[in-house]
Amino acid sequence: MFKRFDANTDISTSTQIKSSAQRGIKSSILSSHPSLNEEILDDLLPKKSPLVQYKIGSHLMLYCRHITSDSGGSGVDEPIFFQHRDGPILPTLRFVHMYPDIKFTSVTVDKGAIPFLLGGANVMCPGLTNVGGCMPEDGEDGPALQKGDGVVIYAEGKEYPLAVGFMTMSSVDVRKKNKGTGIETCHFLGDGLWGTEEIH
């Protein structure tokens, strides 16, 4: 999704998001990442700091927080979340790395998946079920992760996450089928979005 992303050429329009729409975005983030709460989110996305939406192509939105310049200039926009079509609103890796104590919904892949993930490949089910892989425990009332849920992807033995994506099947089905693609990778360490610290 962002493998060859270039902020200079791939962004078509930008809009400052109204406060009512910001509330909807925050609500969507909270539902995707239940371990977050409104207080944490208000610290990350202060009401006084405008949220800016950039359109990329016809189906991708990049949400940035505006950082004002100390010298009185126009400031810059820092990419923090993105959304593909009507999918979950997902955090950028830089944003997750910036706040390592915040627990986004996450999974861990085994060591063998690391080189593939760093090349932008999707996560195959065995990468999550092999020794070293980990997903939240499923409960009696259903899967811990539903098809379409957004996840931050860590790797065995690594402190920081390597990618962000969404489940292509539930965690129950990943464990039961144990073959095929379990997560579609949207954004990974070293892609164009990772290389975009700010947008002018």
- prompt: Do Leu62 and Leu193 touch side chain to side chain, with heavy atoms closer than 4.5 Å?
  reply: yes
Min side-chain heavy-atom separation Met61-Phe81 under 4.5 Å: no
Spacing of Glu137 atom CD and Arg175 atom CZ [to the nearest 0.5 Å]: 5.5 Å
message: Any side-chain to backbone donor/acceptor pair from Ser171 onto Ala144? Under 3.5 Å, distance only.
response: yes
task: Is it possible for you to say whether Leu118 and Phe188 belong to one hydrophobic cluster, with membership spreading through side-chain heavy-atom contacts below 4.5 Å?
output: no
task: For residues Leu128 and Ile183, determine if any side-chain heavy atom of one lies less than 4.5 Å from a side-chain heavy atom of the other.
output: yes
- prompt: Considering residues at least two apart in sequence or located in another chain, which fulfil the side chain to side chain contact (heavy atoms under 4.5 Å, CB included) criterion with Glu78?
  reply: Arg65, Ile67, Ile80, Met98
Between side-chain atoms of residues 36-45 and protein atoms elsewhere (two or more places apart, or another chain), which donor-acceptor pairs fall under 3.5 Å?
{"residue": "Asn37", "atom": "OD1", "partner": "Glu39", "partner atom": "N", "Å": "3.1"}
{"residue": "Asn37", "atom": "OD1", "partner": "Ile40", "partner atom": "N", "Å": "2.8"}
{"residue": "Asp42", "atom": "OD1", "partner": "Lys26", "partner atom": "NZ", "Å": "2.9"}

field: Distance, nearest 0.5 Å, that separates CD1 of Ile199 from OG of Ser14
entry: 9.0 Å
query: Between the side chain of Ser170 and the main-chain N/O of Lys147, is any donor-acceptor distance below 3.5 Å?
result: no
query: Is there a side-chain contact between Leu51 and Gln16, using heavy atoms and a 4.5 Å cut-off?
result: no
query: If you round to the nearest 0.5 Å, how far is CD1 of Ile11 from OG1 of Thr196?
result: 7.5 Å
- prompt: Any side-chain heavy-atom pair from Met169 and Cys125 closer than 4.5 angstrom?
  reply: yes
query: Would you find a donor on one side and an acceptor on the other, under 3.5 Å apart, between the side chain of Thr185 and the backbone of Gly120?
result: no
- prompt: For Ser27, what residues pass the side chain to side chain contact (heavy atoms under 4.5 Å, CB included) criterion, not counting sequence neighbours?
  reply: none
Atom pair CG (Asp191) and CZ (Phe5), whose distance is rounded to the nearest 0.5 Å: 9.5 Å
Distance-only polar pair, side chains of Asn178 and Thr129, donor-acceptor under 3.5 Å: yes
task: Please examine the side chains of Phe104 and Phe95, heavy atoms only from C-beta on, and report whether any two atoms are closer than 4.5 Å.
output: yes
task: Drop me the distance from Ile25's CD1 to Leu30's CG, to the nearest 0.5 angstrom.
output: 12.0 Å
task: Following the transitive rule for hydrophobic clusters with a side-chain heavy-atom cut-off under 4.5 Å over Ile, Leu, Val, Met, Phe, Trp and Tyr, establish whether Met124 and Val164 coincide in one cluster.
output: no
message: Quick check: is Val107 connected to Leu189 through a chain of hydrophobic side chains (ILVMFWY, heavy atoms under 4.5 Å apart)?
response: yes
query: Are Val109 and Trp194 grouped together when hydrophobic residues (ILVMFWY) are joined by side-chain heavy atoms under 4.5 angstrom apart?
result: yes
- prompt: Roughly how far, to the nearest 0.5 Å, is the CG atom of Leu145 from the CZ atom of Phe166?
  reply: 13.5 Å
- line: Applying side chain to side chain contact (heavy atoms under 4.5 Å, CB included) to Asn130 and not counting sequence neighbours gives Asp110, Pro126
field: Check against side chain to side chain contact (heavy atoms under 4.5 Å, CB included), Leu90 and Gln83
entry: CA-CA 6 Å; Leu90 301 169; Gln83 183 178 27; over 6 Å; no
For the student: nearest non-hydrogen atoms of His33 and Ile89, plus distance: NE2-O, 3.9 Å
query: Can you name the residues that form a side chain to side chain contact (heavy atoms under 4.5 Å, CB included) with Ala121, not counting sequence neighbours?
result: Phe116
- request: Determine the minimum heavy-atom distance between Pro143 and Asp138, stating which atoms define it.
  value: CA-OD1, 3.4 Å
task: Please check if the side chain of His187 supplies one atom and the backbone of Leu93 the other of a donor-acceptor pair under 3.5 Å.
output: yes
task: Find out whether Ser32 and Thr105 are in side-chain contact, i.e. whether some heavy atom of one side chain is under 4.5 Å from a heavy atom of the other.
output: no
Return all side-chain donor-acceptor pairs below 3.5 angstrom for residues 148-163, not counting sequence neighbours, or 'none' if the list is empty.
{"residue": "Asp149", "atom": "OD2", "partner": "Gln146", "partner atom": "N", "Å": "2.8"}
{"residue": "Glu156", "atom": "OE1", "partner": "Lys111", "partner atom": "N", "Å": "2.9"}

message: Please check: side-chain N/O of Thr168 versus main-chain N/O of Thr181, any donor-acceptor pairing under 3.5 Å?
response: yes
